[in-house]
A.B. asks: 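The structure follows.
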Amino acid sequence: MSTEVAVEKMDGAQAAQELAGLADVLARANAAYHRDDAPEISDAEYDRLKRRNAAIEERFPELKRDDSPSDMVGAPVSETFTKVKHAVAMLSLGNAFNDEDVAEFESRVAKYLGIKQGIAFTAEPKIDGLSLSLRYEQGVLVQAATRGDGETGENVTNNARMIDDIPQTLTGAPDVLEVRGEVYMSHANLAALNAAQLAKAAKPFANPRNAAAGSLRQLDARITKARPLHFFAYAWGELSEPLATTQMGAIERLAALGFSTNPLTGRFQGAKALVTHYRKIEEQRATLGYDIDGVVYKVDDLELQRRLGVRSTTPRWAVAHKFPAEIAHTWVEGIDIQVGRTGALSPVARLTPVTVGGVVVSNATLHNEDYIQGRDSKGGMIREGRDIRVGDWVEVYRAGDVIPKVRDVDVSKRKADSKPYVFPAVCPECGSPALREEGDSVARCTGGLICPAQAVEKLKHFVGRSAFDIDGLGKKQIEMFFHDKTLPIREPADIFTLAQRDAQQLTKLKNRDGWGELSAANLFAAIEAKRKIPLNRLIFALGIRHVGDSSGALLAGHYGSWRALVSTLDAAKDHAGEAWEDLLSIDGVGAVMAAALVDTFHAPDTRAAIDRLVAELDVQDAIANDTSGSPVTGKIVVFTGTLELMTRAEAKGRAETLGAKVSGSVSKKTDIVIAGPGAGSKAKKAEALGVKILTEVEWLALIGEAR
DNA sequence: GTGCCTCGAGTTCA
DNA sequence: CTCGAGGCAC
């Protein structure tokens, strides 16, 4: 952010100069946004610059340029897409990489359901595009949303209306119908689009998926219209009535309603038949005319799908059998060591840039010492027994088509004087010894906060999105302030004394290069706004090993206040006693996490830094759930057998929010046992002890969730 | 003791 | 996204 002169105080020369600069910046940002689908600046910044441009033009109308950003067509108009929360989450799929994984998938399903082999599955090509959820109410398309993170996506309704394959109205559809599928661009259409791009001297799209994503996420729907996109329907979200009783039946119903469905979708018995179909699709891959990256298998019977249920992000009843990843070959130019927040030393290969699957890759993680030496604990996707050296010619691929990895080394191209890479015994950043503990897969710097790399990474974590999330204080600024001589941020507490310290300086932040009155004031205000911090965020922000986002929430929920948490950790000093047991009693907290917490609070330097920080803050207690009205408050309940209407995690979560304590074993303290089919010894024991036993349905009725 | 499942930590590129 | 590993159910 440059030092900005208030518009009212500008002279003509300044105005003309700034207008030129703005025209340039905004034009480039616009091009990046539209052509590459890769914004260079944030939308907020874009809007701000555009408003400033307009303000200057208003005061100096005669200076308005011919290429004024105000007149740009198709510029992202204020705001981005609105967010849409999916009524039913859009899940991702588990992966299978070989025939064996597919066989395992089948036996997992069979075992879970308690039935023999011979389950029917559907198989269909996995289109390489982007997922879209279309909501129809009374047969009318009312909303289209991208997948986003699965929970919340972006509203792209206007753009989706431009796609011919997507019907605007349906006849004979359920009142509420969410159709899910994939938007993609055919090879032919991509070629035509790229020819047009080149004619305009614009950058061509690297692959159909980028082109489809870029075309759909246009704020100007007219651009989407000009880009020929297609849509295959293959799934659904919220429904007011079932589409069919089988996956295949549902697909046929969607086709009957007017959606395109993939012609290579079929129904098969057992893993062997699935793999045969996979090979058939693989043979046709090059001639399909659109990109696919595998084949998706789904349990055909929808009743079985429901029984199998979902894990946190993937269903148990489906899997994606991926085609082998695209590979490329390149040189290892060097191996660098990065030091993470927990002190972990991770080696990174610096590669001669090479294109893998449409993306230029120049770095690849090497994980740890074992990986470099050709020892991989799991085997899996890695060559055996071949070490990686600087100067080696290697095979790289992108795991999950995203993360670059080194898979193999061509030893024959190795020079005679090549030497094995020696993993450092000391931290390259601070010189402290690097130790690898028994059973740990990585070596860690022992320098703690003495190590500048660890200190700065911890600070970056502290201001991260799930932690303090301070506007205008990101990784770059942290890096800058960490090394700053006059106004340093060396530990979290320093952030909250920044404004005060700045006021005492002769050269204030606002007078520095790259800063202005406004930007400095904004930063201080953003920091001030986060003094008030929810307990769970504070716990997470401390960056204690093994304590992440969800554990932070867990601890906050259990202890309620900072004071209660600290007194427990203080009392649990010896890893024993009542306080220690209390920590372990929390579901999800084990000895490892408890020890990490207690030890962090008893390390004198760390504790002092934490106390300095908390003295600056206004910590918000966790809001305890009001469970007084719940019929099961304080009751100890046990779930046993197969739950058919909800997952175990869901059942547990619901019970806990209603104030019940979920236990794993039945004792005379148990109040209720909820027994599903297949319940064995626990139900018997409950009976013997005279504990109340409910079916799943009765339980749901009790907590007022009858379905 | 084994086998899920979830979480934490580290990672790339646009 | 992937891996390892902690935590828990069986």
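Naming convention: chains lettered A, B, ... in sequence-line order (proteins, then strands); numbering from 1 in each chain. Here the structure is a predicted model, which means the values were calculated and not measured.
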A.B. asks: Report which part of the nucleic acid A:Val442 touches: base, sugar-phosphate, or nothing (heavy-atom distance under 4.0 Å, all strands).
C.D. replies: nothing

A.B. asks: Tell me the interatomic distance from A:Leu555, atom CG, to B:dC7, atom P, rounded to whole angstroms.
C.D. replies: 14 Å

A.B. asks: Please check the phosphate of B:dG8 (OP1 and OP2 only) for any side-chain N or O of A:Thr342 closer than 4.0 Å.
C.D. replies: no

A.B. asks: From the options B:dG8, B:dT12, C:dG7, select the nucleotide whose nearest atom is closest to the side chain of A:Asn363.
C.D. replies: B:dT12

A.B. asks: Heavy atoms from C-beta onward define the side chain here; which of C:dG6, B:dC13, B:dC5 lies closest to that of A:Arg316?
C.D. replies: B:dC5

A.B. asks: If you measure only the distance, is there a donor-acceptor pair under 3.5 Å linking the side chains of A:His321 and A:Lys126?
C.D. replies: no

A.B. asks: Could you tell me if A:His575 and A:Asp599 have a donor-acceptor pair between their side chains, going purely by distance under 3.5 Å?
C.D. replies: yes

A.B. asks: Among the candidates C:dC3, B:dC4, B:dG8, find the nucleotide nearest to the side-chain atoms of A:Lys405.
C.D. replies: C:dC3

A.B. asks: Tell me which of A:Leu345 and A:Arg108 sits closer to the 5' end of DNA chain B, going by the nucleotide each one is nearest to.
C.D. replies: A:Arg108

A.B. asks: Give the nucleotide from the list B:dT11, C:dT2, B:dG10 with an atom nearest to the side chain of A:Val348.
C.D. replies: B:dT11

A.B. asks: C:dC8 C1' sits how many Å from A:Met593 CE, rounded?
C.D. replies: 13 Å

A.B. asks: Check this one for me: any side-chain N or O of A:Ser362 less than 4.0 Å away from OP1 or OP2 of B:dC13?
C.D. replies: yes

A.B. asks: Rounded to the Å, how far apart are A:Ile586 CD1 and C:dG6 C1'?
C.D. replies: 15 Å

A.B. asks: In this structure, how many angstroms lie between the C1' atom of B:dG8 and the NZ atom of A:Lys458, rounded?
C.D. replies: 13 Å

A.B. asks: Separation of A:Lys460 atom NZ from B:dA9 atom C1', in whole Å?
C.D. replies: 15 Å

A.B. asks: Please determine if a side-chain N or O atom of A:Thr365 lies less than 4.0 Å away from the OP1 or OP2 oxygen of B:dT12.
C.D. replies: no

A.B. asks: Nearest-Å distance, CZ (A:Phe105) to C1' (B:dC4)?
C.D. replies: 16 Å

A.B. asks: Test your reading of the model: is there a side-chain donor-acceptor pair from A:Glu154 to the backbone of A:Gly148, 3.5 Å cut-off?
C.D. replies: no

A.B. asks: Side chain to side chain contact (heavy atoms under 4.5 Å, CB included) between A:Leu130 and A:Tyr184: does it pass, once the steps are laid out?
C.D. replies: CA-CA 7 Å; A:Leu130 69 157; A:Tyr184 66 98; over 6 Å; no

A.B. asks: Look at the side chain of A:Val360 and decide which nucleotide, out of B:dA14, B:dG8, B:dT12, has an atom nearest to it.
C.D. replies: B:dA14

A.B. asks: Decide whether A:Tyr371 and A:Asp387 meet the rule of one side-chain donor and one side-chain acceptor closer than 3.5 Å.
C.D. replies: no

A.B. asks: OP1 or OP2 of B:dG8 less than 4.0 angstrom from a side-chain nitrogen or oxygen of A:Arg341, does that happen here?
C.D. replies: no

A.B. asks: Identify which nucleotide among C:dT2, B:dT12, B:dG8 has an atom closest to any side-chain atom of A:Asn95, counting heavy atoms from C-beta outward.
C.D. replies: C:dT2

A.B. asks: Check every atom of B:dT11, B:dG10, C:dT2 against the side chain of A:Gln338 and return the nucleotide holding the closest atom.
C.D. replies: B:dT11

A.B. asks: Using side-chain heavy atoms (C-beta onward) and a distance below 4.5 Å, is A:Glu457 in contact with A:Gln454?
C.D. replies: no

A.B. asks: May I have the distance from A:Phe97 (atom CZ) to C:dC1 (atom C1'), rounded to whole angstrom?
C.D. replies: 10 Å

A.B. asks: Is any side-chain nitrogen or oxygen of A:Arg545 closer than 4.0 Å to OP1 or OP2 of B:dG8?
C.D. replies: no

